[in-house]
K.L.:
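I'd like to ask you about the structure that follows.
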Amino acid sequence: MPLDLRSLEEKWQRRWSEARIFEADPDPAKPKYYLTVAYPYPNSPQHIGHARTYTLADAHARYMRMKGYNTLLPMAFHYTGTPILAMSKRVAANDAELIDVFVKLYEVDERIIDSFKDPLNIAKYFHHDIKLGMQAMGFSIDWRREFTTIDPAYTKFIEWQFRHLLSAGLITKGAHPVGWCPSCMSPVGQHDTKGDLEPDIVEFTAIKFDMDGTALPVATLRPETVFGVTNIWVNPGANYVEVEANGDRMIVSERAVQKLKGMMPQILRLRDLAGSELIGRHARNPITGTLVPVLPAEFVDPNNATGVVMSVPAHAPYDLLALRDLKANPGIIRVYGLDESEIAALVPIPVVELEGFSRVPAEDAVKRLGIRDQKDPKGEIATKELYQKEFHLARMLPGTGVYAGMPVSKAKEKIKQDLVSSKRAFPFYEIMNGPIQCRCGAEVTVNLVDDQWFINYADESWKETVRKHLKNMSLVPDDLRQEFENVVEWLKEKACARRAGLGTRLPWDSAWVIESLSDSTIYMAFYTISKIINQHRLDPSALTDEVFDYIFLGKGDPSSLPIEREILEAMRNEFNYFYPLDSRHSGRDLVPNHLTFFIFNHVAIFPEKHWPRQIAVNGSVLMEGKKMSKSLGNIIPLHKAIMIYGADTLRTSILFASELLQDADFSDSQAKSIRSKLLEFYDLACSYADAGMPDFSSADHLDKWIISRVQRVVSQVDSSMQCLRMREAIHCAFFILQQDLQWYIRRRADRCSDPRTRSIVKYVLRAIVKMMAPFAPHLCEEIWEKFGEDGFVSVASYPETDQALICERDEITEDLLKSIICDTAEIIKVTGISPARICYYTSPKWKWDLYLKALAALESGVDPRGLIRELMKDPEIRKRGGEAAKFINSICSCTITLPKEDRKKILRASGIEEAAFIGECTTFLSEYFKCKVEVQSADLPGYDPNGKAGQAAPLRPAIYIEGQR
RNA sequence: GCGGGGGUCGCCAAGUCAGGUUAAAGGCGCAAGGCUUAGGACCUUGUGGCGAAGGCCUUCGUGGGUUCAAAUCCCACUCCCCGCACCA
């Protein structure tokens with residue numbers, strides 16, 4: 001009858017919970033290990049991708065627990081944010097697409113979907129679902145510490161954190177552009193738009209050219225070229241509007257008026273006018289004072305930015321082309337009554353110099369690409385190319401005042417700042433990937449929020465502290481260090497609050513809700529006290545700043561605080577015991593934000609001794625080689641996957657799929673194979689459950705070999721686990737060691753039921769069970785119990801290597817046997833002989849001497865190039881002449897390529913009694929090849945019809961096979 | 001553009017930092033044999049090419065170079081993925 005994995009898993013989950021083995025309390029007698037994983041956002045069920053991070057952390061926790069640490073792994077739920085709110089709005093609006101996702105994909109009962117109009121119900125639903133999944137996966141979590149980020153106590157904690165940041169001067173306020181829905185009157189993120197488009201906001205500089213008291217704001221991405229303006233372009237066929245904005249009069253395109261409303265509080269529409277009305281008028285360049293004409297150009301897009309463009313023909317291909325087109329078209333000049341001579345006099349004014357280009361780089365670009373006129377689509381390419389080259393490589397020319405000589409990349413920022421601060425220009429924001437629609441149907445605009453709160457991650461002294469601490473932190477894997485260092489450098493102000501969503505209100509400005517990446521930076525500290533808050537149902541109002549100051553910082557007088565002294569001290573004690581955090585786990589997508597914020601906030605709030613020690617990061621999960629996505633329909637919800645494969649299989653498969661940072665490819669066939677391997681292992685273990693304790697003193701060669709292998713594997717797996725190389729750990733503990741065990745059993749074919757053999761097999765199995773317990777804990781508990789062991793394997797001690805049980809000589813000889821078999825089999829295969837008699841000739845003594853000499857020489861540092869010469873020095877060898885020279889040649893190449901460890905091993909064994917050993921194996925060998933097997937020493941071979949004995953080398957006996965082809 | 005990661009023998013994937021355990025682990029798939037009434041599972045073997053003796057040849061994105069020795073070190077090129085923020 002097949003083993004019912006699910007009920008077995010539930011049984012052990014129940015027993016763990018009853019025995020409370022994963023509940024960790026401070027214990028001064030034991031070293032602690034505290035690790036956390038990023039808590040989930042409950043807006044959808046978790047899937048296999050989420051499971052990877054959690055399984056990794058859990059296996060890590062289980063390993064540390066077995067290593068003797070008082071290990072704490074807590075969990076909470078991140079309710080903060082807007083996506084849940086957005087979903088509830090869509091439910092309220094009866095959005096069929098979303099409801100379909102809930103019902104079909106997430107398998108939510110249709111009857112409760114109506115309750116999802118309340119965002120809290122969505123969060124609670126998936127919170128429950130995710131928690132059940134975590135329990136079904138067997139995660140060793142201390143659930144007494146669970147909380148959500150909208151619990152009043154947590155809210156108090158976040159308020160405390162933010163007041164600290166504020167008083168440390170790390171909170172700033174400023175203007176910030178956001179994607180905005182004018183109909184919903186709220187900011188839009190990716191999840192609020194049709195097609196889940198993230199608005200790509202780009203900042204133009206609108207430079208005000210004065211035209212008789214009314215400004216023409218020319219929008220540009222290249223404000224540094226304002227020195228080279230020859231004219232202004234407007235589209236004669238477009239509609240323009242004169243408006244009053246902040247007391248300024250200006251003329252912009254019809255479409256730009258709407259956009260301006262988001263950026264300026266007061267927009268008054270004065271009059272409409274056609275673009276053509278502007279043609280022929282003149283406006284003054286605010287930086288050079290030059291008066292330039294307004295001219296017509298079709299390439300000007302009234303839907304882009306202000307719809308008014310400055311013309312810099314020296315550096316902008318379109319401007320150059322449009323000017324050329326106009327000059328070549330006297331008809332147009334006449335239609336608008338323009339001054340032909342004035343236009344003829346307009347020539348490019350160079351502003352920057354670019355190596356490899358003439359004074360008018362736009363000319364070069366146009367020529368090289370063979371662009372005809374302003375309608376040619378290649379103009380776009382030329383513009384991009386020139387923009388990039390000039391931005392990175394060009395310098396400002398002497399005619400540009402204080403900016404002369406500056407690289408363009410610097411001058412651009414500087415000029416923009418100067419123009420804006422002197423009110424000669426203003427920033428104009430445009431959505432580059434637009435038009436984007438809000439889910440409500442309205443078109444998304446840009447809104448300039450001018451009272452946005454920021455956490456100032458740009459603060460230089462803060463960064464410096466973070467840099468220093470980062471150097472002391474362990475990063476797993478360390479490959480990520482560079483990336484973290486880069487992120488610390490790039491980080492700027494982070495908008496830390498929004499107008500909507502679930503979460504904690506800013507304590508000093510209740511119109512704002514702290515957003516999710518900002519309220520999740522130091523909550524690992526909160527777990528240490530949430531157990532006590534939950535147990536005592538503490539009144540959140542008692543959690544004052546002073547209380548937190550005392551618990552987390554040791555500040556203030558505890559007797560004056562509004563919490564019972566005993567409870568207060570218990571909280572302080574929990575924190576002091578478990579902090580600092582020993583390891584923080586998360587997916588690699590959180591490196592540029594959460595994980596870095598986590599370091600920043602810790603160093604800002606806590607004293608140095610409580611700064612985090614380690615970050616462990618894992619890659620994501622692919623399904624059958626493809627990225628998981630709703631549209632591909634290849635997202636398997638976790639609870640479904642557990643039903644299909646079982647928790648142990650899932651855990652092992654995910655961790656075995658790839659090493660830490662790589663994306664792990666989950667495949668059905670791989671998982672099924674892991675499951676059958678686990679079941680097979682269970683069967684094997686059960687059949688040895690009643691074996692006795694091994695007696696190492698009576699061990700023979702083969703026993704010593706397998707015992708030695710166990711030591712090697714244990715030591716390898718232990719070090720793999722330490723650096724979270726779980727794939728490697730499973731590989732060695734489960735696959736490699738089991739292969740060795742198979743070999744052992746096969747070699748013992750004749751004496752498999754012998755009690756000594758059985759006790760040795762059980763000894764190996766016991767080690768595998770322990771090493772596999774972090775990965776397949778339920779199955780391992782079951783075996784552990786069958787083995788008659790006391791207690792849970794989950795809290796048993798991790799296996800240790802016993803150096804005294806490593807037997808190098810037995811390892812060498814067993815390897816020798818395997819290589820003999822391999823060689824013999826190859827000869828049989830190639831020659832097609834069906835063997836009747838196999839003779840082995842072991843190496844003569846003089847070859848062994850020479851071999852050891854070669855090894856010793858290499859070990860003492862002799863250059864491989866000089867090895868032959870070194871060996872030839874020996875007079876004994878020279879006496880042997882050609883035979884020796886030939887042998888030396890072959891021995892050199894094989895000793896040089898021998899791994900260092902093996903060289904040492906063979907040297908330490910200083911020779912092997914090969915003939916005696918192979919002699920012991922003849923029964924096995926003749927069984928293996930189903931023929932007669934004999935061994936002779938090549939020193940004096942008795943039977944050697946083909947003269948093979950001369951080929952014998954140390955650990956490489958000569959082989960002679962007789963038989964029919 | 002800036003930054004990060006990656007291209008390994010059908011697929012997945014170790015190995016690269018510390019060059020020689022490497023024709024290159026392991027898993028999957030495939031094939032043969034064993035077991036079985038059969039299937040599944042399991043065990044053994046094979047899975048670049050050639051080979052009538054354990055060998056030889058070619059191979060780790062491409063092209064060069066360093067070295068007694070290169071998947072690994074250096075240079076150039078090429079292709080793919082991911083992040084760039086207010087959003088979890």
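Only this structure's heavy atoms are used, side chains among them; waters, hydrogens and symmetry mates stay out. Reminder, nothing fancy here: chain letters follow the sequence lines and each chain counts from 1.
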K.L.:
Going by purine N1 to pyrimidine N3 plus the second Watson-Crick contact, or the G-U wobble pair, all under 3.5 Å, which nucleotide sits opposite B/A14?
P.N.:
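None - no nucleotide pairs with B/A14, as no candidate has both distances under 3.5 Å.
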K.L.:
How close do A/F162 and A/L506 get, counting heavy atoms only, and between which atoms?
P.N.:
CD2-CD2, 3.9 Å
K.L.:
When we call it a touch if two heavy atoms are under 4.0 Å apart, what does A/E483 touch: a base, just sugar-phosphate, or nothing?
P.N.:
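Sugar-phosphate contact only - A/E483 comes under 4.0 Å of backbone atoms but never of a base.
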K.L.:
Mind checking whether A/F391 and A/Y387 have parallel, tilted or perpendicular rings, split at 30° and 60°?
P.N.:
parallel
K.L.:
Relative to the ring of A/F598, is the ring of A/H594 parallel (under 30°), tilted (30 to 60°) or perpendicular (over 60°)?
P.N.:
parallel
K.L.:
Closest-nucleotide mapping onto RNA chain B: is A/G625 or A/K494 further toward the 5' terminus? I mean the 5' end.
P.N.:
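In this pair, the answer is A/G625.
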K.L.:
Using the side-chain heavy atoms of A/W490, tell me which of these nucleotides is nearest: B/G3, B/G27, B/G54.
P.N.:
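Among the listed nucleotides, the one closest to the side chain of A/W490 is B/G3.
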K.L.:
Is it true that atom NZ of A/K818 has more than 12 heavy atoms of other residues, nucleotides or ligands lying nearer than 6.0 Å?
P.N.:
yes
K.L.:
Has A/T82 got a side-chain N or O lying under 4.0 Å from the OP1 or OP2 atom of B/A88?
P.N.:
yes
K.L.:
Any idea which of B/U21, B/C86, B/G27 is nearest the A/H176 side chain?
P.N.:
B/C86
K.L.:
When the distance from CG of A/L595 to P of B/C84 is rounded to whole Å, what number comes out?
P.N.:
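It works out to 14 Å between those atoms.
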K.L.:
Rounded to whole Å, how long is the line connecting atom CG of A/L502 with atom C1' of B/A88?
P.N.:
13 Å
K.L.:
Determine whether any donor atom in the side chain of A/R725 lies under 3.5 Å from an acceptor atom in the base of B/A14, or the reverse, and answer yes or no.
P.N.:
no
K.L.:
Base, sugar-phosphate, or nothing: which does A/E659 touch, judged by heavy atoms less than 4.0 Å apart?
P.N.:
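Sugar-phosphate contact only - A/E659 comes under 4.0 Å of backbone atoms but never of a base.
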K.L.:
Considering only NZ, NE, NH1 and NH2 on the basic side and carboxylate oxygens on the acidic side, decide whether A/D451 and A/R499 come within less than 4.0 Å.
P.N.:
yes
K.L.:
Go through B/G55, B/G27, B/A53 for me and flag the one nearest to the A/Y960 side chain.
P.N.:
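From the listed options, B/A53 comes nearest.
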K.L.:
Does A/S669 place a side-chain N or O at less than 4.0 Å from the phosphate oxygens OP1/OP2 of B/G29?
P.N.:
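Indeed not, no polar side-chain atom of A/S669 lies that close.
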K.L.:
Between A/T824 and A/K677, which residue's closest nucleotide on RNA chain B lies nearer the 5′ terminus?
P.N.:
A/K677
K.L.:
Kindly say if A/S620 contacts the phosphate of B/C82, meaning a side-chain N or O under 4.0 Å from OP1 or OP2.
P.N.:
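No, no such contact exists.
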K.L.:
Using a 4.0 Å heavy-atom cut-off across all strands, classify A/I828 as base, sugar-phosphate, or nothing.
P.N.:
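Since no nucleic acid heavy atom lies under 4.0 Å of A/I828, the category is nothing.
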K.L.:
What's the closest nucleotide to the side chain of A/K948 if the choices are B/G27, B/C43, B/A53?
P.N.:
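Of B/G27, B/C43, B/A53, B/A53 is nearest to the side chain of A/K948.
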K.L.:
Return the nucleotide paired to B/U44: Watson-Crick means purine N1 to pyrimidine N3 with N6-O4 or O6-N4, wobble means G-U with N1-O2 and O6-N3, both under 3.5 Å.
P.N.:
B/A32
K.L.:
To the nearest Å, give me how far apart CG (A/L925) and P (B/G54) are.
P.N.:
20 Å
K.L.:
Is there a Watson-Crick or G-U wobble partner for B/G1 with both distances under 3.5 Å, and if so, which one is it?
P.N.:
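Paired with B/C84.
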K.L.:
Using a 3.5 Å distance criterion without hydrogens, assess whether the side chain of A/Y645 forms a donor-acceptor pair with backbone atoms of A/S653.
P.N.:
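No; judged by distance alone, with no hydrogens or angles, the pair does not exist.
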K.L.:
When the P atoms of B/C56 and B/U21 are compared, how many Å lie between them, rounded to an integer?
P.N.:
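About 14 Å, rounded to a whole number of Å.
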K.L.:
Closest approach to the side chain of A/S673, judged atom by atom: which nucleotide of B/G27, B/G54, B/A88 is it?
P.N.:
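My answer, after comparing the listed nucleotides, is B/G27.
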K.L.:
Which nucleotide sits closest to the side chain of A/I833: B/C86, B/A53, B/G51?
P.N.:
B/A53
K.L.:
Just compare B/G4, B/A88, B/A13 and give me whichever is closest to any side-chain atom of A/R727.
P.N.:
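For the A/R727 side chain, the nearest candidate turns out to be B/A13.
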K.L.:
Using purine N1 to pyrimidine N3 plus N6-O4 or O6-N4 for Watson-Crick, or N1-O2 and O6-N3 for G-U wobble, each under 3.5 Å, what pairs with B/U67?
P.N.:
none
K.L.:
For A/T897, answer base if it contacts any base atom (sugar-phosphate contacts may also be present), sugar-phosphate if it contacts only those atoms, and nothing otherwise; contact means non-hydrogen atoms under 4.0 Å.
P.N.:
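Sugar-phosphate, backbone atoms only, no base.
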K.L.:
If you measure from the C1' atom in B/A14 to the same atom in B/G7, how many Å do you get, rounded?
P.N.:
15 Å
K.L.:
Of all the nucleotides listed (B/C86, B/G26, B/G51), which has the minimum atom distance to the side chain of A/K829?
P.N.:
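Looking only at side-chain atoms, A/K829 lies closest to B/G51.
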K.L.:
From C-beta outward on A/S658, which listed nucleotide comes closest to its side chain: B/C82, B/A14, B/C42?
P.N.:
B/A14
K.L.:
Could you tell me how far apart A/L661 (CG) and B/G5 (P) are, to the nearest whole angstrom?
P.N.:
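Atom-to-atom, A/L661 to B/G5, this comes out as 9 Å.
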K.L.:
With a non-hydrogen cut-off below 4.0 angstrom, is A/P199 in contact with a base, only sugar-phosphate, or nothing?
P.N.:
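Here A/P199 touches no strand at all.
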K.L.:
Should A/T53 and A/N618 be marked as a side-chain hydrogen bond (donor to acceptor under 3.5 Å, both in side chains) after you check the CA-CA gap, both sets of side-chain angles, and the distance that decides it?
P.N.:
CA-CA 7 Å; A/T53 310; A/N618 61 273; 3.2 Å; yes
K.L.:
Closest approach to the side chain of A/R588, judged atom by atom: which nucleotide of B/A53, B/G26, B/G5 is it?
P.N.:
B/G5
K.L.:
In whole Å, I'd like the distance from the CD1 atom of A/I838 to the C1' atom of B/A53.
P.N.:
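Going from CD1 in A/I838 over to C1' in B/A53 covers 12 Å.
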